[in-house]
Amino acid sequence: MTVRVEGREAEVPSGATAETALRAVVSGKKLKAVVAVNVLRGAEKTLLDLDAPLPEGCEVLEPVYADSADGLRLIRHSAAHVMAAAVRRLFPQAKATIGPAIDTGFYYDFDTDNPFSVEDFDAIEKELRALAAARLPFTRETLPREAAIERFRKENEPYKVELIESIDADTVSLYTCGEFTDLCRGPHVPHTGFVGAVKLLSTAGAYWRGDEKNKRLSRIYGTAFADKKALAAYLKQMEEAKRRDHRKLGRELNFFNFQEDVAPGMVFWLPKGMLMRVILEDFWRREHLRRGYSMVQGPQLLRVETWQKSGHYEHYRENMYFTDIEDDAYGVKPMNCIAHMLIYKNAMRSYRDLPQRYFELGVVHRHEKSGVLHGLLRVRQFTQDDAHILCTPQQLEGEILQVIRLIQDLMGLFGFDYKIAVSTRPANSIGTDEAWEMATGALIQAVEKAGLAYEINAGDGAFYGPKIDVRLLDCIGREWQCSTIQVDFTLPDRFDLVYIGQDGARHRPVMVHRAIMGSLERFIGVLIEHYAGALPIWLAPEQARVLTVVEAGDDAALRAQDELLALGIRVTADTRNEKLGFKVREAQMSKVPYMLVVGEKEAQSGGVNVRLRNGDNMGLKSVEDVAALIRADSEEPFRQGGMRYRFA
RNA sequence: GCCGACUUAGCUCAGUUGGUAGAGCAGCUGAUUCGUAAUCAGCAGGUCGUCAGUUCAAUUCUGACAGUCGGCUCCA
C-alpha cells in the first residue's frame, strides 16, 4: 500500500511496520529521534509504536519526534515504566499500581510497607540509568482479558488485577521492559535509551484511585526530557520559580508575614504590602461602582440560627468558627451571601429594581485543614471580592455575560493565563431539573457569546447550582482557582426573596454569586509571582526613591521628594550616609521602579538622574518630567468602560 | 485530616558521637562624604518549636502535640 510521510509517498508491503515505512522516507539521523508514529486514516488519528504493523487503509504517517509534545509525553510515560522496573529491582516487595505522564513529568504509585524517601533516589536513579544505558526494548503483547487477570494474579499484582477488572474490553495490552511487565495501553518509546535524561524529584503520599478511604500509596515524582540539555533547562527554571515564590518575595519586600505561633493561616499585612493592597482595592471598588454595583457590608458574626436556616450549619459547619456571646451562639461568616440576601430583603423589590448587584470586599474565615495552608494562596482568613446579583430569570444570561467581561478585562489587564470550566449538576443536589437546565444553559450561552474556550466538569457544580470556574496559572504551572460564577436558585427560596413582577404577582429572583479575584490574598500572591515582585508602577507601593550621593545633596533631594509628593507620586528619600552603590542595590532589591539620584551635580543643575529597575539609565530629567512619566504609567488602568493599559 | 521531610538569632545556615551554642546578612553605635547591585570597625541579639519521658546532666536520645515545606484530598 502507499502512505504519505512528510509530504512524500512511500510504498510499503501490507503488514509492514511503521518503522519500515518511515525508513523509506525519513533520513537515518532524524529517524533516531523518532519515538512513535501518528497514523491517519480518514479523520481518525492513532498513536502507534514504531514496531507496530500498519493498519490497513492508513493514508498518512506523522513521525513523532522526541522533542515534540507527544514525544515528550511518551518519553515520560515510558520513564515511569522504567522507574517502576528500577524500583522493583531494588524493592521486590513494592506493588506497582499506576504511573502516568503528567504536564511536568511523571509519577508512579507503589504500595509498599516503607514509603520511599529522597534518600532512596540515588539508588533508584542509578538503577534507572543502568536500564536506560542497556537500551532494552519495550515489547507489546495483547492478551485476552481473563488471561491477563490470571497472569497478574499469579505475579501477585492485585492492583493490576483490579485495573483490568474495571476495563471494559475483550483484550488488554501489556508492555514488558526488562523483567518488568505492566498493563498499559501504550504506545512507548522503542527502547529504554530514550529515557536517559531523567530525574527523580520528590515523594508524596497518595490514595489508591485518589480516594482517601482507600489504601495509602507511596508516590515518586520525576521528570524526563528528550535530552540532558532540556532537562537541565527545566531544572534551572524550577530554581527560578523558587526565586519568585511569593512567600519569599513577600518577606524580602516587607509586604506581609505570617506568625505561625499566633495565627496560623492568617496574614499580617505590613505597611508596604497593605499600601499595595489598598491601591488594588480602591481601583476595584471604583471599577465596580462604574459597572453598576452597589457597595454593601454585612456583619462578621451572625447568629447560629441563621446559619442553620441557610444550610451552612449543616453543610459547612466543620469549616466554620463559632463563638458564644452571653447566652447566644454566633457563627463567624465563611461567606457573604447571607448578609447580602438580608440586605435585599430590607425593602419590597419591584421587577423595575432588578438587577440588584451587591458588592463587598468581604472578610471571611474558613477553618481549612492544617495540611493545605500555603502562603497567601491558601489561608484561613481572607477577603473575597464578592458580589451577589439578584435578577429575574430573563436577566440571568446578560448578567453572567457582564461578569465574564469583567473577568476578561481583569485577566487581560495583568496578562494572566487562565482556564475556564463549566461545572454541572452533581449527584447529591437540590432543585428541579428545569431550574438546573435553565441555569446551566445560561452559563454556557454566556461563555460562548463571550467567545471563550471552556471545558465541562460534569457533576462538579455546587449542591445548589452550576458554576463557572476560572483557574489562574502560577509561575510553576500550578492552577489556582480565582474567579467563580455560581447560579443559585436555592438560597433565594430558603430566605423567601421575592420581587413583584409586571403581572403584580410575587416572583422568585435568581441569585448569582461571583468573585473575580476570588480572594485578595490569593490574587496578590499570584500577582507577586507573576511579576517576580516587580509590580506595575500603578501598584508599586514605592514608585520612586530619591538617592543621595553626598550630604551636600540632601537639601536638593528632599526638595525633589516634596515636589514629587505634591504631584501625587509615592516617593521616599534615602539620605543615609552610605555609598550610592549600596543604596542602588537596596532600591533594586526592593524593586523600586524609579531610582532618582541627586548628588552635587544635580544639586547645582537641578533635576534628578533617573535609573530604572531594569538597569536602564535615562540620564538627567526635571522633577516634572519624572512625575509625568510615572503618572502616565500609573493612571487608573480601567477607564470609562475600556482597558487603557496592559502591563506586560 | 492523610503520607513524607523538616523546625537552632529577624533572614540564610553551621554545630554539639548528651556537659545549655556559632557564621554571614539584617539591626544598633561610631568612623568614613565615597556617582549607579554590598566602606570599615565595634556592639547587641537565642529557655536550639512546645510539653512530657530517659539521664547526674537533654538543644542533642524517645514520645506526644503544634507549625512549616512537598504532595494527596478539599478549596477562593
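So that the names make sense, note that chain A is the first sequence line, chain B the second, and so on, each numbered from 1. Just so you know, these numbers use all the heavy atoms, side chains as well, and skip hydrogens, waters and symmetry mates.
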Among [options], the nucleotide that comes nearest once only the side chain of [X] is considered:
X: Val597(A); options: G67(B), U33(B), U36(B); value: U36(B)
X: Phe582(A); options: G70(B), A37(B), A38(B); value: A38(B)
X: Val549(A); options: C69(B), G35(B), C74(B); value: G35(B)

Review point. Just wondering, more than 12 heavy atoms not from Lys199(A) lying within 6.0 Å of its NZ?
Key: no

Check your understanding: Side-chain donor-acceptor pair under 3.5 Å between Arg277(A) and Thr383(A), yes or no?
Key -> yes

Review point. Do we see a donor-acceptor contact under 3.5 Å between the side chains of Gln384(A) and Ser519(A)?
Key: no

Are [X] and [N] close enough that a side-chain N or O sits under 4.0 Å from OP1 or OP2?
X: Arg611(A); N: A37(B); value: yes
X: Arg380(A); N: C75(B); value: no
X: Arg247(A); N: G70(B); value: yes

Review point. Ring stacking, Phe382(A) with base of A76(B), under 5.5 Å and under 30°?
Key: yes

So what does [X] touch, heavy atoms closer than 4.0 Å: a base, only the sugar-phosphate, or nothing?
X: Val379(A); answer: base
X: Asn609(A); answer: base
X: Tyr221(A); answer: sugar-phosphate
X: Arg251(A); answer: sugar-phosphate
X: Gln588(A); answer: base

Check your understanding: For the side-chain hydrogen bond (donor to acceptor under 3.5 Å, both in side chains) test, which of Asp488(A), Asp386(A), Thr484(A), Asn336(A) pairs with His513(A)?
Key -> Asp488(A)

Check your understanding: Rounded to whole angstroms, how far apart are CG on Asn614(A) and C1' on U36(B)?
Key -> 13 Å

